[in-house]
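All chains are named by letter (A, B, ...) in the order of the sequence lines, taking the proteins before the strands, and each is independently numbered beginning at 1.
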Amino acid sequence: MKHELPKAYDFKSTEPRVYALWETGGYFKPWNDPNKKDFDPNVKPFVISIPPPNVTGELHLGHAMFVSVEDLMTRYHRMQGIPTLWVPGSDHAGIATQLMVERHLLKTEEVTREELGREEFVKRTWAWKKKYGSMITNQIRRLGASCDWDRERFTLDDGLSGAVREAFVRLYEKGLIYRGPRLINWSPGLKTAVSDLEVEYGEEEAVLYTFKYMLKDSTEYIPVATVRPETILGDTAVAVHPDDGRYKKYIGQTVIVPVLGRAIPVIADEYVSMDFGSGALKITPGHDPNDYAIAQRHNLPIISVLDEAAKINENGGPYQGQDRFECRAKLWADMKKAGLVIKEEKYLTTIPRSQRGGEIVEPMISTQWFVRIGPLAQAALEAVKDGRIQIVPERFEKVYYNWLENIKDWCISRQLWWGHRIPVWYCENNHMTVARADPSECATCHSKDIHQDDDVLDTWFSSGLWPFSTLGWPDQTPDYKYFYPTSYMETGYDILFFWVARMIMAGLEFTGQVPFQTVYLHGLIRDEHGRKMSKTYGNVIDPLTVMDDFGTDALRFTLLVGATPGNDMNLSVKKVEANRNFANKIWNAGRFVIGAIDSLQPGLSAAEPTLADSWIRAKSQQLVREVGRLFQAFQYGEAGRQIHEFFWSDFADWYVEIAKQQMQNQAAQEQTVITLARTLEMSLRLLHPFTPFVTEELWGHLRRTILDSPIANMAADWPDALIVARWPEARDAGGAEEAILNDFALIQEIVRSIRNVRAEKSVAPSKRIAAVIAAGAQTALLQAQKPVIASLGGVDESQLTIRESLSSKPGDSIALVIGTLEVYIPLAGMVDPAQEKSRLAKELKDARAQIERLEQLLSGDFANKAPAALVGKEREKLAAFRETAEKLEAQWKASKFM
RNA sequence: GGGCGCAUAGCUCAGUUGGUUAGAGCGCUUCUCUUACACAGAAGAGGUCAGGGGUUCGAGUCCCUUUGCGCCCACCA
């Protein structure tokens, strides 16, 4: 043995070494050539921008998922010789990072961010980022990500911050950004506004409080219900339906706010439903979006009763300073004493909670910055509707439309410290200066006494610019000009609105182009029983541990195969283990082939291929065609499954076993070794996007071994590294292919039968054999393949006899005689009329499809522009198909009376 | 209240222009340490493809419908 390989695939030593080889070799660059710098404008590149992970985040399976899919896409295109760029980077993740650093500071230094002050806190956060920011990207490297790390970006970098300012100012100048007091969602825990998307609604058990709204100077009352009694303090009206007989008489009268004694009107509004609850509604415009809308219609005053920590403010009279829940209890108790309480009952309702902090969000009036989203949404809607952007799977297009059609203005200001500060300055005269570069004076009154808006922008504002800001926008950099727009946007469906839709809006608005052509959405990963992974459940699978235990390839293959785009996936460690075994199978099959090449003697010449040789080649061709088709249709999981099946079952279990026999015969040796090497080489190429590490490692061994062998010329034009090897191209299916596949399938069935006979399981041949034989195999084939059948069946060839016409009726059956046991394979009478009919129907359908295709082809430009010889050929084909179709039709008609 | 998805072997899932015998992994049964691999090999058991109806020569696949689970969106006190 010249090339010794370890018995089991050692991913631990292989992965870091192979990754370093790729990275330092410059293979992640668009040209796979570190010296080449200019872009060829005639070649369209393939580009993905990474969904930037939170800079302080830790690797979880969601990352592993997107890296696996995006790396597969990237490697596949790179192997087609296309300039390929995958832009990496990370996100500053405003709230998440700020919270993390805050918690850290509290724990280690026992200081709050308020104590530190803004400047110092931001400084600390940068320090934190510098210290831990590379952790996540290194973990992404471990997954095999073939990103161009020299182009790594961070959303708070100077360049990207410049892009954010440019975007803000442009929108402002266009009138698409405005500032004003509106009812927004306020997170009392985080003390910031959050967008509608950042609020999660869940059904929770609450209490419904019903009480009396007393009419002024009267003993009459209107019953009203609420789940938030503290908001009574901010009530400015009671509304009833205009046609409600019960309350009609009160409309225009005055009722008294409990405890506070404020007089408010009874109004009529169609929004109130008569048959729900008491049919009367208290109106708190300061703390309820519906009430706010009603207040607008009726010109009601708006009273805020909560401060930024959700404590009762000065408008709450005696309750001022109390927490909202404390006030709720006290006020209710006071109302009870005052005899205003009717009842309280358990009630199931939807409660809005902050996605980050988890506490109950309060609708509040607050002065914030908003993006006027209508025009942007319209453009984004059209881009998908007219097909400039394709969403995979398609059903999400509907979801996307629905969201954009009902979208509301986007609150982009956050009362945080970590993020892009809003590029607006105010002077003492309250003039606003909106500028790309920090101004030194007010643009209106030239006052030098200016201060910048304290708020920062929603993290998603900068993320929305990601596909082009990472390439240099707003500058017309060579990267931007060449690589933008990008090709695919691959991410989880859970951020379709948060991120994808906003990138499309921003891309169209700022660059005038769609930011990517295809949106591929993967599903979420759940545990093996479909439950959401969570720390409290303790069912979290850590990808780092999984990689330690089973290797990166195993994890990647698991995430890629068995997942359908847009569908959630249940992951179990068992699956990863099974795929670790697959990686080892690849390794060992490779090891066998390398050994076979090593043992090849010089001076042999290639013989005619055997049936097995032709079969594995035909299978390979079939596979390459299928995988190509599936990749085009984004069906990576199915493609991976088919490669797996081919490699393990067809190649390793069947062909390798036959090859061992064939190599006993010197005349067949070279032919066999070449076929082994070719099949392995093709498999490695196909597998590489799925399992890059084992395949790269084996490629190196295989290539070196071949170059040292009598068949060295085979590898003469192979590149050093598989990562830049060419993706296999399929040849057209030859006519012989199907016959070879059928013949070999018969041999496989026979072999199985013999193994059963040997195990004394059953002497009857399977129906399947009968069917295959009936489909057109001959005794001659079995005779010719006798040695193969004998060796695979585990019997001595001399013991195996194949007899024809054994039964009383000549030509009825073939018998395989093994020693004293006989396997009978009937030849005639096996054709099932129903089956025959269905076969006929299918052939007819196929022929008709071919006719249609050819007719279309020949009626188009092809007939005029293509070389005459080619057109002639197609015409001949068409004629042949027509003839066949006619024949089949006649048979079909006849069969109807069968 | 709308919209979407899922329901296939004991478990977890593939199965995308409808087409011979519905597949895989794990688990299970029985053999085999055969010179690539026990992280293996061989053979096998196990499915009325949720129920019902329809279209078709042919349906897991298309249409209608029922049931059960899950998700998204939505302002009902």
Side-chain angles (χ1 to χ4, degrees), chain A residues 5 7-9 201 208-210 224-228 239 271-273 276-284 288-293 347 349-350 363 393 395-396 398-399 402-403 406 493-494 496-497 523-524 528-530 550 554 558 561-564 566-572 574-575 577-596 630 633-635 637-638 640-642 644-645 648-649 652-653 656-657 660 752 755-756 758-759 761-762 766-768 771-772 775 792 794 832 834-846 849 892 895-896:
Chain A
L5 268 61
K7 207 169 163 177
Y9 169 54
Y201 297 86
L208 183 67
Y209 301 87
T210 309
V224 172
T226 181
V227 286
R228 298 184 295 159
Y271 169 80
V272 184
S273 50
F276 190 87
S278 67
L281 192 57
K282 65 189 259 326
I283 304 298
T284 320
D288 185 286
N290 300 314
D291 296 2
Y292 183 79
Y347 187 68
T349 187
T350 50
R395 70 183 130 92
F396 283 100
K398 216 171 158 182
V399 181
N402 189 266
W403 186 71
N406 299 297
Y493 66 76
D494 54 328
L496 178 62
F497 306 143
L524 275 29
E528 58 187 313
H529 299 293
F550 303 111
T558 307
V561 175
T564 315
N567 284 18
D568 290 353
M569 172 190 196
N570 296 359
L571 181 83
S572 73
K574 280 264 182 208
K575 283 190 202 172
E577 188 181 354
N579 288 322
R580 185 270 318 261
N581 296 351
F582 179 50
N584 192 55
K585 176 57 85 170
I586 299 170
W587 178 256
N588 272 293
R591 210 155 75 95
F592 171 78
V593 174
I594 284 165
L630 291 165
F634 301 97
Q635 294 181 56
E638 177 64 8
R641 212 209 89 242
Q642 290 197 19
H644 177 277
E645 183 182 273
W648 201 316
S649 163
D653 288 346
V656 165
E657 289 310 312
K660 284 178 188 171
R752 263 184 213 123
R755 285 170 178 166
N756 273 330
R758 286 187 55 234
K761 279 245 161 87
S762 149
S766 72
K767 268 194 268 173
R768 301 172 73 159
V772 179
L792 289 180
D832 176 0
Q835 224 172 67
E836 180 60 15
K837 221 169 147 181
S838 121
R839 187 187 60 82
L840 211 61
K842 193 192 170 195
E843 274 177 25
L844 182 58
K845 196 175 117 186
D846 289 348
W892 174 248
S895 79
K896 280 208 162 168

Item to complete: Write down the distance between NE2 (A/His644) and P (B/G25), rounded to a whole number of angstrom.
Response: 7 Å
Practice prompt. Name the nucleic acid region contacted by A/Lys7, choosing base, sugar-phosphate or nothing; use a 4.0 angstrom heavy-atom cut-off, strictly under.
Written response: sugar-phosphate
Practice prompt. Looking at every strand, decide which applies to A/Thr226 at a 4.0 Å heavy-atom threshold: base, sugar-phosphate, or nothing.
Written response: sugar-phosphate
Worksheet item: How is A/Lys585 classified with respect to the nucleic acid when contacts are heavy atoms under 4.0 Å: base, sugar-phosphate, or nothing?
Response: base
Practice prompt. Just call it for A/Ala293: base, sugar-phosphate, or nothing, with non-hydrogen atoms closer than 4.0 Å on any strand.
Written response: nothing
Worksheet item: With a non-hydrogen cut-off below 4.0 angstrom, is A/Tyr271 in contact with a base, only sugar-phosphate, or nothing?
Response: base
Discussion item. Test of understanding: with ring-ring contact (aromatic ring centres under 6.0 Å, His included), list the residues that count as partners of A/Tyr9, not counting sequence neighbours.
Written reply: A/Trp587
Check: protein-nucleotides 14-17 of chain B nitrogen or oxygen pairs below 3.5 Å:
| residue | atom | partner | partner atom | Å |
| --- | --- | --- | --- | --- |
| B/A14 | OP1 | A/Thr564 | OG1 | 3.2 |
| B/A14 | O2' | A/Glu638 | OE1 | 3.1 |

Item to complete: State the dot-bracket string of RNA chain B. Criteria: Watson-Crick or G-U wobble, both atom distances under 3.5 angstrom; notation: ( ) intrastrand, [ ] crossing earlier pairs, | interstrand, . unpaired.
Response: ((((((((.[[[[.)...(...]]]].(((((.......))))).....[[[[[..)....]]]]])))))))....
Discussion item. Over all strands shown, is A/Lys398 touching base, sugar-phosphate only, or nothing at heavy-atom distances under 4.0 angstrom?
Written reply: sugar-phosphate
Practice prompt. State whether the distance check finds a donor on one side and an acceptor on the other, under 3.5 Å, for side chain A/Arg580 versus base B/C39.
Written response: yes
Worksheet item: Under 4.0 angstrom, heavy atoms only, what part of the nucleic acid is A/Glu577 near: base, sugar-phosphate, or nothing?
Response: nothing
Discussion item. Closest-nucleotide mapping onto RNA chain B: is A/Glu645 or A/Lys660 further toward the 5' terminus? I mean the 5' end.
Written reply: A/Glu645
Worksheet item: If you look at every strand shown and take non-hydrogen atoms under 4.0 Å, does A/Tyr347 touch a base, only sugar-phosphate, or nothing?
Response: sugar-phosphate
